[in-house]
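Worksheet: the structure to be examined is printed underneath.
Index from 1, following the sequence. Order of listing sets the numbers, starting from 1, for every ligand and every atom in it.
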Amino acid sequence: MRLASFLALATAAAGISTANLPVVTRDVAILGGGATGTYAAVQLREQGKSVALIEKKPQLGGHAETLYLPDGQYINYGVEGYFNNELTKSFFAQLDVDYELLLPGSMLTKHVDFTTGKTALPASGILDAGTGAALYRAAIEQFDYLATGAYYLPDEVPEVLLRPFREFVDAHALWGALEIIFTFAENVGDLLERPLLYVIMNFGIPQIDALLQGEYIRPKNGTGELFDKAANYIDERNNILYSSSVISASRTESGVELVVEHSQTGKCTLIRARKLLIAHPPTLPSLTAQGFDLAREEKSLFSKWSHVNYYAAVVNATGLPDGFNIANTDPSNNPGHLPLPPFLWQLEYSGVPGYFMIKIVGPRNDDTFTAEAARELIVQNIRAMGQAGTFATTPGEMQIVAFASHTPETLTVDVDEIRNGFYKRLYALQGVRSTFYTGYTFCTDYSTPLWNYTGSVLEMMDS
Ligand SMILES: Cc1cc2nc3c(=O)[nH]c(=O)nc-3n(C[C@H](O)[C@H](O)[C@H](O)COP(=O)(O)OP(=O)(O)OC[C@H]3O[C@@H](n4cnc5c(N)ncnc54)[C@H](O)[C@@H]3O)c2cc1C
Ligand SMILES: *[C@@H]1O[C@H](CO)[C@@H](O)[C@H](O)[C@H]1NC(C)=O
Ligand SMILES: *[C@@H]1O[C@H](CO)[C@@H](O)[C@H](O)[C@H]1NC(C)=O
Ligand SMILES: *[C@@H]1O[C@H](CO)[C@@H](O)[C@H](O)[C@H]1NC(C)=O
């Protein structure tokens, strides 16, 4: 049977008639227009391949989100910076994006216990970022197979990687480095209790070397500029389906057929492609909602993720003093005085007077920590600082001027699964039924190593 007729039958079996749908034929269909899906689309176009990029939201960028203010200033309240290396710079050059060094909005930090609102003592012996990162780097250097950012683990996974991070901190006297580690890996949640592997995957050799060597860079006009220019390069009118999701999918070894629905108009398009790249977290609920014909192995693997609900916000008119970051500090959690989920990581001074950025981390696998709960926590924490007399806060006037959900974030599996070869099985899915994967479930959650990993996936597609 010819592929097309087989796929038509399969789609019909799913209860959707494809007979009268407009048909789009492409070399590669990409699901998700965040950092990785966008990068893939640009590189495939560069190679002369045709693409269809399907993005659920009305714009590209995913975790990269920029608030543009009326006076031309901007706040990157999602992704703030990219590694200052050849890969980032050549991607920026390809898109004609001007860049600058990323400088923090402020180097000054006040420590406050956000639950009481009172000034709190930071943990004693905190090392400066460079010294802390170098000390920690020396301790994790032995896991050199993780240095690309992918989960390329040995068959026998060293037990130390599966033990709580607390034990590694004690064994290597890393107490003074906890603040810098948490700055990068706050999204893992209860840092000391999480497996060492997941701490390294969020702050490992790639992130440290970028920090110590060339620092981080950002597009001169916000991360939004990168994605606007990428959309232009991809030819958005013809190749990007915004506000759209797959509602039915059939896949064989020779290609895929997807029915894609626009969320507002309900208009459907049939996409036929030789290859499919999934560039959003491949969770069971997400793929089931998209009508995927999952094989047993796919179901088995994708059902194992746990995640954190994670939000980011910008607030203004808080009454907090400009020019300081306010770090959430829990003096009862030792070592490190790090807050426990759910928490606001910091009130991070944005560099724009009056505006602070916030990252909000929920408890692992707790979907009751909704956007509403995160907003309430912001108000509660800032109010407590006023009530304690720490700052003259103005919760009544405060505005949450931007708010984004990044859920599901920090997808991980139980240590037993890792021990039993989860990641090997996961990578073995690459290419099965013309389907490939990229994004932060397959590689460390940082754009530059994700782009590098995505490049290697595009090579697999070709072979
Ligand atoms: C607040 C925050 C700050 C960060 N800061 C940095 C930083 O400074 N530097 C850095 O390098 N990294 C940072 N990161 C990590 C960041 O996640 C990665 O750098 C990178 O942006 C992830 O890209 P991705 O393509 O894997 O995923 P995403 O950016 O999440 O992209 C996935 C895309 O898929 C779309 N999607 C989801 N489901 C579907 C569906 N069913 N159909 C179609 N589309 C779908 C989503 O809308 C999204 O656009 C930060 C992350 C967060 C949350
Ligand atoms: C980029 O990816 C390739 C292929 O996986 C890998 O060999 C290389 O080491 C990676 N580069 C970096 C800097 O991680
Ligand atoms: C910066 O980007 C914003 C949003 O895309 C745009 O409105 C503005 O014109 C850009 N500014 C410059 C100087 O390019
Ligand atoms: C806060 O932000 C809102 C929305 O951008 C704006 O209308 C308001 O003027 C800002 N308030 C202050 C005090 O900057």
Side-chain angles (χ1 to χ4, degrees), residues 30-40 53-70 72-74 76-83 85-88 98 102 146-150 152 184 186-187 202 205-207 209-210 216-229 241-247 258 260-261 263 278-283 285-287 289-290 292 308 310-313 345 357-361 404-411 437-457 459-460:
I30 303 169
L31 306 185
T36 58
T38 301
Y39 181 82
L53 176 56
I54 295 121
E55 167 54 52
K56 196 168 65 172
K57 291 190 182 163
Q59 78 278 329
L60 300 183
H63 287 176
E65 280 172 306
T66 309
L67 171 67
Y68 289 95
L69 298 169
Q73 297 193 82
Y74 67 82
N76 291 325
Y77 65 103
V79 174
E80 290 179 62
Y82 301 94
F83 296 180
N85 68 13
E86 278 319 307
L87 198 160
T88 305
D98 248 355
L102 169 66
L146 298 174
T148 67
Y152 291 147
F184 282 79
E186 89 295 333
N187 56 303
N202 286 280
I205 289 171
Q207 293 83 3
D209 288 352
Y216 287 68
I217 52 176
R218 64 178 191 178
K220 271 196 179 152
N221 190 25
T223 59
E225 183 192 4
L226 173 66
F227 289 94
D228 283 352
K229 288 190 165 163
L241 289 89
Y242 291 110
S243 304
S244 297
S245 304
V246 171
I247 54 168
L258 311 168
V260 177
E261 184 184 53
S263 66
I278 299 183
H280 64 70
T283 63
S286 166
L287 294 174
Q290 294 178 73
F292 268 84
V308 297
Y310 187 109
Y311 307 92
W345 166 60
M357 299 187 282
I358 312 177
K359 298 182 170 73
I360 308 108
V361 181
S405 171
H406 296 285
T407 304
E409 240 290 340
T410 322
L411 287 101
Y437 303 85
T438 184
Y440 59 88
T441 45
F442 276 69
C443 183
T444 182
D445 195 3
Y446 276 79
S447 290
T448 309
L450 278 170
W451 291 333
N452 190 52
Y453 179 71
T454 303
S456 72
V457 175
E459 279 170 22
M460 289 175 213

Would you indicate whether the side-chain heavy atoms of Leu53 and Leu60 approach each other to under 4.5 Å? yes
Side-chain donor/acceptor of Thr454 to backbone N/O of Leu450, under 3.5 Å: yes
Near ligand 1, which protein residues have a heavy atom under 4.0 Å away? Gly32, Gly33, Gly34, Ala35, Thr36, Ile54, Glu55, Lys56, Lys57, Gly61, Gly62, His63, Gly78, Val79, Glu80, Gly81, Ala279, His280, Gln290, Tyr310, Lys359, His406, Glu409, Gly439, Tyr440, Asp445, Tyr446, Ser447, Leu450
Parallel, tilted or perpendicular: which fits the ring planes of Phe83 and Tyr216, with parallel below 30° and perpendicular above 60°? perpendicular
Could you check whether Asp445 and Asn187, counting side-chain N and O atoms only, form a donor-acceptor pair closer than 3.5 Å? no
Checking the side chain of Thr407 only, and the main-chain atoms of Tyr310 only, is there a donor and an acceptor separated by less than 3.5 Å? yes
Student check: side-chain heavy atoms of Tyr68 and Asn221 closer than 4.5 Å: yes
Could you tell me whether some N/O pair between Tyr152 and ligand 2 is separated by less than 3.5 angstrom? no
Taking the inter-plane angle between the rings of Phe442 and Tyr437 on a 0 to 90° scale, is it parallel (under 30°), tilted (30 to 60°) or perpendicular (over 60°)? parallel
Testing the 3.5 Å rule here: is there a donor-acceptor pair between the side chains of Thr66 and Thr223? yes
Side chains of Tyr453 and Thr36 in contact at under 4.5 Å (non-hydrogen atoms): no
With a cut-off of 4.0 Å, which atoms of ligand 2 are near a heavy atom of Ser456? 4 (C), 5 (O)
Mind checking what residues have non-hydrogen atoms under 4.0 angstrom from ligand 3? Tyr68, Asn221, Asp228
Do His280 and Gln290 have side chains that get closer than 4.5 Å, going by heavy atoms? yes
